[in-house]
Amino acid sequence: MTSFFNLSKKTAIVTGAGSGIGQAIAKRFASAGAHVAVWELNADAAAQTLQQIENAAQSGDNNLGGSAEVMAVNVADAGAVEAAYAELQQRRGKVDVMVNNAGIASVGTVEETTPEEMDRVYKVNIAGVANGLRAAAPRMAAQGGGVILNLASIASLIGIKDRFAYSASKGAVLTMTYSVAIDYAKKGVRCNCMCPARIHTPFVDGFINDNYSDKKEEMFRLLSEYQPIGRMGKPEEVAALAHFLCSDDAKFITGSAYPIDGGICSMPGF
Ligand SMILES: NC(=O)c1ccc[n+]([C@@H]2O[C@H](COP(=O)([O-])OP(=O)(O)OC[C@H]3O[C@@H](n4cnc5c(N)ncnc54)[C@H](O)[C@@H]3O)[C@@H](O)[C@H]2O)c1
């Protein structure tokens with residue numbers, strides 16, 4: 001890792017960092033020198049991320065002093081988020097970066113989406129992000145600055161078939177990003193979001209298994225060909241963008257939504 005976008009001496013929270021995009025971001029941030037708090041529901045998954053970061057540090061891949069710890073936090077629980085953030089901040093002195101990444105999938109049109117399913121998605125994808133924002137933004141302002149990055153989706157920007165509840169939730173992530181960005185622009189807190197198209201993670205494998213078990217290969221091919229580039233993205237590619245946006249090199253960037261989408265948003269008729 002070069003010293004570009006150095007995160008040495010920074011403390012970063014990455015929610016949902018036990019898997020997929022969050023895990024790739026946690027590993028990337030640690031390799032750039034950050035201390036990463038892995039916030040997870042799934043203890044085994046969190047332990048694997050921690051192990052991978054520690055292995056990289058021991059092998060010399062991570063020579064900027066990066067490190068990690070696991071905190072068992074359910075982002076849907078406002079009290080737990082508040083308590084964990086306050087405890088980490090007290091112990092580390094400050095938290096510089098918060099990535100609100102934890103999210104869940106939901107498949108179905110409006111008529112197939114029950115009120116219970118709307119609530120389930122709301123609790124993690126909207127309230128979970130709001131809880132992180134509420135904990136981070138005022139504390140970052142009080143300490144003189146910080147960076148928040150939210151995981152939105154191309155579903156925040158364009159229509160995606162069969163994703164009613166998920167699209168509603170990711171639209172909210174986009175507009176919560178704008179809201180926090182403007183309220184804290186003069187207080188040193190930057191807030192942006194990334195809008196990935198299909199990224200090949202356990203999240204994608206899980207919903208193919210759960211919803212299309214009779215035609216998994218066909219679904220995988222269709223989901224890959226959806227992007228004009230002809231494949232799904234990789235978690236590491238999203239982590240590279242996250243790294244730049246959360247570094248001081250991006251200090252003029254706030255209130256922005258970044259598609260990372262193999263071209264789909266700008267080439268809808270491809
Ligand atoms: N993979 C994609 O194609 C894609 C595309 C666009 C946006 N996204 C978004 O990126 C984010 C990460 O997606 P991924 O594909 O890496 O998912 P993933 O399922 O691989 O990982 C999500 C992680 O979040 C954790 N998590 C779930 N609910 C939680 C909670 N309440 N509290 C704490 N942790 C919780 C899970 O245990 C899991 O480890 C999500 O917000 C998702 O909506 C993903």
Side-chain angles (χ1 to χ4, degrees), residues 13-28 37-50 52 70-81 84-85 98-107 119-132 135 149-158 160 163 165-174 176-177 193-211 219-220 222-224 226-227 229 231-239 241-242 257-262 264-265:
I13 295 168
V14 184
T15 70
S19 173
I21 294 169
Q23 182 180 69
I25 292 173
K27 289 164 66 177
R28 176 96 186 197
V38 172
W39 282 19
E40 251 300 337
L41 264 187
N42 180 331
D44 291 342
Q48 280 181 28
T49 301
L50 181 64
Q52 288 179 28
V70 170
M71 298 175 80
V73 182
N74 177 358
V75 298
D77 180 340
V81 168
Y85 196 105
M98 174 151 207
V99 182
N100 290 303
N101 164 80
I104 56 175
S106 177
V107 173
D119 281 350
R120 187 184 74 89
V121 175
Y122 167 83
K123 283 189 178 114
V124 181
N125 291 11
I126 301 181
V129 173
N131 292 337
L149 181 63
N150 300 321
L151 261 292
S153 162
I154 57 166
S156 312
L157 306 173
I158 60 175
I160 307 285
R163 298 288 184 279
Y166 184 76
S167 298
S169 72
K170 292 301 181 179
V173 173
L174 173 71
M176 288 192 288
T177 301
C193 66
M194 299 189 290
C195 301
R198 195 65 60 205
I199 308 298
H200 188 201
T201 67
F203 179 96
V204 171
D205 292 333
F207 86 66
I208 292 180
N209 278 331
D210 295 347
N211 297 285
M219 249 353 259
F220 192 90
L222 285 175
L223 291 175
S224 299
Y226 176 75
Q227 284 75 218
I229 271 180
R231 64 170 173 85
M232 297 190 204
K234 298 175 186 162
E236 294 74 21
E237 291 168 332
V238 183
L241 177 60
Y258 284 83
I260 173 159
D261 66 350
I264 187 62
C265 286

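Just follow the structure's listing: the first ligand is 1, and inside any ligand the first atom is 1.
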### Task
Can you sort out which atoms of ligand 1 are near Tyr166, meaning under 4.0 Å from one of its heavy atoms?
6 (C), 7 (C), 8 (N), 9 (C), 42 (C), 43 (O)

Does [X] reach ligand 1, in the sense of a heavy atom lying below 4.0 Å from it?
| X | result |
| --- | --- |
| Gly128 | no |
| Lys170 | yes |
| Ala152 | yes |
| Ala197 | yes |

### Summary
Closest to atom 25 (C) of ligand 1 among protein heavy atoms sits Glu40 OE2, 3.4 Å

#### Entry: atom 34 (N) of ligand 1 - nearest protein heavy atom and its distance
Leu41 N, 3.6 Å

### Query
ligand 1 and Asn101, any nitrogen or oxygen pair closer than 3.5 angstrom?
yes

### Task
Please determine if Asn74 has a nitrogen or oxygen closer than 3.5 Å to a nitrogen or oxygen of ligand 1.
yes

### Query
Residues two or more places apart in sequence or in another chain: which of them pass salt bridge (charged side-chain N to carboxylate O under 4.0 Å, His left out) with Glu236?
none

### Region of Ile199 that comes within reach of ligand 1 [heavy atoms, distance under 4.0 Å]
both

### Task
Pick one of side chain, backbone, both or neither for how Pro196 approaches ligand 1, counting any non-hydrogen atom pair under 4.0 Å.
both

### Message
Under the rule for side chain to side chain donor-acceptor pair (under 3.5 Å), what residues qualify as partners of Asn131, not counting sequence neighbours?
### Response
Arg134

